[in-house]
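This report concerns only the one structure given below.
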Amino acid sequence: MALPTTQSISRFPLPDSLDSLPADLRERILAVQEKAGFIPNVFLMLAHRPAEFRAFFAYHDALMEREADSLTQAEKEMIVVAVSADHGCLYCVVAHGAILRILAKDAQLADQIAVNYRTAPLSERQRTMLDFALHLAAGRGVLDDAWQARLEAQGFSLDDIWDIGAIAGLFGLSNRLVSMARTPPNDEFYLLGRVPRSTAR
């Protein structure tokens with residue numbers, strides 16, 4: 001299966017076709033394409049390093065798809081958008097902003113968080129969550145007694161606190177990789193969650 005070549009999506013090698021990839025990578029990419037209707041550029045960008053592709057997505061799935069004590073899937077995506085915006089990562093802001101719009105059923109929230117999460121219409125709990133994520137990701141902070149007490153006062157368990165920090169850490173890595181590779185977001189991401197899917201296509 002030939003891949004689109006209409007735009008440069010990485011400064012690093014890309015697969016010539018899906019058929020040239022290891023079977024497990026090809027199956028993963030085809031499954032994403034079947035679900036989304038397109039292949040997210042980050043999958044092709046990472047495909048030239050199969051072992052790292054597997055490791056990255058294994059950790060992504062273990063973290064982002066696990067059932068947390070109290071964090072919702074939408075709140076996990078809020079963390080990704082806020083951290084990625086602070087890191088200036090267009091790909092992750094746009095791609096995960098689209099996921100957040102869909103999960104939250106809110107066409108505006110992702111943009112509000114990306115511009116300034118402190119003024120976005122969030123609960124005190126969610127704002128504390130993002131304060132901590134940015135404390136770690138941007139402020140090189142740590143989890144001390146004061147932060148743990150502040151988070152626990154908002155109902156976060158230790159497992160939740162780990163999730164917040166791990167998501168901030170994982171997407172710090174993701175932000176740096178896609179920014180280094182100069183990987184742009186797919187055009188399709190910009191419309192997801194804003195207009196009906198039949199129109200977006």
Side-chain angles (χ1 to χ4, degrees), residues 32 40 42-43 45-46 52-180 183 185 189 192-193:
V32 170
V42 70
F43 284 82
M45 181 273 282
L46 286 171
E52 292 171 41
F53 179 109
R54 295 181 188 105
F56 178 85
F57 284 110
Y59 191 54
H60 172 279
D61 294 351
L63 181 58
M64 299 299 287
E65 295 179 6
R66 71 179 291 272
E67 185 174 344
D69 286 351
S70 70
L71 283 178
T72 67
Q73 293 301 114
E75 286 170 338
K76 290 182 179 183
E77 295 297 338
M78 290 178 193
I79 297 167
V80 179
V81 172
V83 167
S84 300
D86 186 76
H87 289 169
C89 181
L90 179 65
Y91 185 97
C92 291
V93 168
V94 172
H96 289 272
I99 297 170
L100 176 55
R101 285 192 296 273
I102 292 167
L103 291 173
K105 297 180 173 56
D106 186 324
Q108 300 176 2
L109 183 60
D111 294 335
Q112 293 165 330
I113 290 173
V115 171
N116 185 356
Y117 78 87
R118 294 173 183 86
T119 62
L122 301 172
S123 67
E124 182 181 356
R125 176 183 183 278
Q126 291 166 341
R127 206 174 314 281
T128 300
M129 172 187 77
L130 296 184
D131 282 344
F132 181 61
L134 270 295
H135 165 70
L136 298 175
R140 295 187 292 177
V142 299
L143 176 65
D144 58 17
D145 290 345
W147 264 112
Q148 184 170 338
R150 182 178 169 190
L151 290 159
E152 288 177 344
Q154 294 297 325
F156 292 110
S157 68
L158 274 177
D159 270 352
D160 290 328
I161 294 169
W162 177 276
D163 284 343
I164 295 167
I167 292 167
L170 175 64
F171 281 91
L173 166 66
S174 179
N175 295 161
R176 297 281 67 80
L177 287 176
V178 294
S179 295
M180 175 179 70
T183 301
F189 280 127
L192 286 176

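Quick note: numbers below take in every heavy atom, side chains included, and nothing from hydrogens, waters or symmetry partners.
Of all the heavy atoms in S157 and D69, the pair that sits closest is OG-OD2, 2.6 Å. Smallest separation of non-hydrogen atoms from P40 and V32: CD-CG1, 3.4 Å. Here the closest non-hydrogen pair linking L192 and A98 is CB-CB, 3.8 Å. In this structure, A68 and K76 approach most closely via the heavy-atom pair CB-CE, 4.2 Å. Between S70 and G155, the shortest heavy-atom contact is OG-O, 3.9 Å.
At least one side-chain heavy atom of L109 sits under 4.5 Å from a side-chain heavy atom of M78. With contacts defined as side-chain heavy-atom distances shorter than 4.5 Å, the pair L46/E52 does not qualify.
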Does the pair L122 and M129 meet the rule for a side-chain contact (heavy atoms from CB on, under 4.5 Å), with working shown?
CA-CA 10 Å; L122 301 172; M129 172 187 77; over 6 Å; no
For residues 79-90, please give each side-chain donor-acceptor pair under 3.5 Å, one per line with the distance, not counting sequence neighbours.
unit_1, atom_1, unit_2, atom_2, d
S84, OG, V80, O, 2.7
S84, OG, N175, ND2, 3.0
H87, ND1, N175, OD1, 2.7

Distance-only donor-acceptor hits, side chain of residues 112-121, under 3.5 Å, sequence neighbours excluded:
unit_1, atom_1, unit_2, atom_2, d
N116, OD1, R118, N, 3.0
Y117, OH, D131, OD1, 2.6
T119, OG1, N116, O, 3.1

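For the side chain to side chain contact (heavy atoms under 4.5 Å, CB included) with Y91, the lone residue among P185, S179, S174 that qualifies is P185.
Partners of E77 by salt bridge (charged side-chain N to carboxylate O under 4.0 Å, His left out), not counting sequence neighbours: none found. Not counting sequence neighbours, the partners of L158 by the side chain to side chain contact (heavy atoms under 4.5 Å, CB included) test are Q148, E152, I161. In this structure, D145 has no salt bridge (charged side-chain N to carboxylate O under 4.0 Å, His left out) partners at least two apart in sequence or on a different chain.
Ring planes of F56 and F171: perpendicular class, angle over 60° (limits at 30 and 60°).
Checking side-chain atoms of H135 against main-chain N and O of V142 turns up a donor-acceptor pair under 3.5 Å.
Sorted by first and then second residue, the salt bridge (charged side-chain N to carboxylate O under 4.0 Å, His left out) pairs involving residues 156-178 (not counting sequence neighbours) are R66-D163.
By the 6.0 Å contact criterion, CH2 on W147 is enclosed, its count of non-hydrogen atoms from other residues, nucleotides or ligands being greater than 12.
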